[in-house]
Amino acid sequence: MRYRYATEADAPALARLFAANHHDALTEEQRSAQGFVQGTFDAATLRDMAAADELLVADDGQGRIAGLLALSVAADMVDPPAAVTGLLRAQAGLVWQGRPLDAVPWLLYGPVVVDAAFRGHGVARGLFAMAVEASAGRAQALVAFIEAGNAPSWRVHVDAFGMTPLGDYTVSGRTYHAVAAPAGTTA
C-alpha cells in the first residue's frame, strides 16, 4: 500500500469513495457495522483540497484508491460544515493536555474513509500514521469529531489508535465527541 498526498487527478475516485460511504447512502445496519462519513465532498471540493495538500490517500499501487483522510486547518475553512463550526465554537470548553483547545495549534483530522474491499488491512492505521507525520511542525494536536452513535469510528480512533476524548458538543440536535491525538514531532 502506498500512502501519499492526493493529486487533483484523484478527485473523481475520492468523490466516489466518499459518496459510497456517506451517512445517507447507507442503511442503519451498514452504518452500525462500518461507520459512515458526513458532509458534502464532491469532486470539485476534493480537487481543491488536493491542490491545497489537505488530502492524504492510500492507493494499492495499481491505481485504486483504498482510503482517504483530510487534514486541514479548521479555522481557515471558507464554508465549514456545521459539525466543524460547532467544534470551533466549542473549543474553549474542550481540554487538550491541560490546556483549552483554543490555546493549542491543531489540525482537523477527517473525514477518513476506507474502501470496503480494503477494510481490516491496516489502511486506516497507515493513514493515521501519515497524518501524525504530516502534522509535525504544523500543530500540537490532531482533532477529530465523531458523531454519537458512530461506534465503528469510536472503536478505530479511540480504542485502536488511542485518540483522547476531549468532550462533547451538540449542533442542530446532533451530539459529537471531540477526540485528539498528539501531532508528530520534528527531529
Side-chain angles (χ1 to χ4, degrees), residues 14-46 48-49 52 54-56 67-116 119 124 127-128 131 135 139-183:
L14 298 175
R16 286 189 298 274
L17 177 60
F18 192 89
N21 292 280
H22 192 273
H23 178 278
D24 298 341
L26 303 171
T27 65
E28 188 170 333
E29 293 79 24
Q30 290 170 317
R31 290 190 299 267
S32 294
Q34 71 183 39
F36 55 89
V37 291
Q38 52 193 326
T40 304
F41 291 87
D42 59 14
T45 300
L46 293 163
D48 290 346
M49 292 175 75
E54 294 180 338
L55 289 175
L56 312 177
L68 73 88
L69 188 154
L71 192 61
S72 54
V73 178
D76 291 348
M77 292 179 149
V78 175
D79 187 22
V84 174
T85 300
L87 176 60
L88 289 167
R89 289 184 182 144
Q91 66 181 325
L94 302 172
V95 178
W96 171 247
Q97 297 184 339
R99 295 170 52 204
L101 187 59
D102 63 355
V104 176
W106 58 275
L107 293 173
L108 181 63
Y109 168 100
V112 60
V113 61
V114 175
D115 185 295
R119 291 189 190 130
L127 288 167
F128 176 78
S135 68
Q140 292 178 11
L142 300 176
V143 178
F145 59 85
I146 302 169
E147 186 169 351
N150 192 344
S153 184
W154 183 273
R155 283 192 300 271
V156 168
H157 293 99
V158 177
D159 298 342
F161 297 169
M163 293 183 89
T164 302
L166 305 178
D168 297 342
Y169 63 97
T170 302
V171 176
S172 301
R174 297 168 88 165
T175 300
Y176 298 89
H177 309 294
V179 298

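Quick caveat, the model's predicted, so the values are computed rather than measured.
Taking each heavy atom of Met163 and Val158 in turn, the nearest pair found is O-CG1, 3.5 Å. The two residues Tyr169 and Ala90 come nearest to each other via the heavy atoms CB-CB, 3.7 Å. Shortest non-hydrogen contact noted between Ala178 and Leu94 is CB-CD1, 3.7 Å. Scanning all heavy atoms of the two residues, the minimum distance from Val179 to Pro165 falls at CG1-CA, 3.9 Å. Contact detail for Val171 and Gly86: the closest heavy-atom pair is CG2-CA, 3.6 Å. In plain terms, the two heavy atoms of Ala141 and Ala183 that are nearest each other are N-CB, 3.7 Å.
Trp96 has its side chain within reach of Pro182: a pair of non-hydrogen atoms, C-beta onward, lies under 4.5 Å apart. The shortest side-chain heavy-atom distance between Leu46 and Leu55 falls under the 4.5 Å cut-off. Using a 4.5 Å heavy-atom threshold, the side chains of Leu56 and Leu68 count as separate.
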Walk me through it: do Leu166 and Val95 pass the test side-chain contact (heavy atoms from CB on, under 4.5 Å)?
CA-CA 6 Å; Leu166 305 178; Val95 178; over 6 Å; no
Step-by-step side-chain contact (heavy atoms from CB on, under 4.5 Å) determination, Gln91 to Val143
CA-CA 10 Å; Gln91 66 181 325; Val143 178; over 6 Å; no
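To the nearest 0.5 Å, the span separating CG on Leu71 from CG on Leu127 amounts to 10.5 Å. Distance check, rounded to the nearest 0.5 Å: CZ of Phe128 to CG of Leu69 gives 9.5 Å. Interatomic distance, CG of Leu14 versus CZ of Arg16, reported as 9.0 Å (0.5 Å rounding). The CG atom of Asp168 sits 10.5 Å away from the CD1 atom of Ile146 when rounded to the nearest 0.5 Å.
The aromatic rings of Trp154 and His177 sit perpendicular to each other, their planes meeting at more than 60°, with 30° as the lower class boundary.
The side chain to side chain donor-acceptor pair (under 3.5 Å) check on Gln140 picks up Arg99, with sequence neighbours excluded. Under the rule for a side chain to side chain donor-acceptor pair (under 3.5 Å), Asp48 has no partner lying at least two apart in sequence or in another chain. In this structure Ala74 satisfies the side-chain contact (heavy atoms from CB on, under 4.5 Å) test together with Val84, Leu88, Trp106, Leu108, sequence neighbours excluded.
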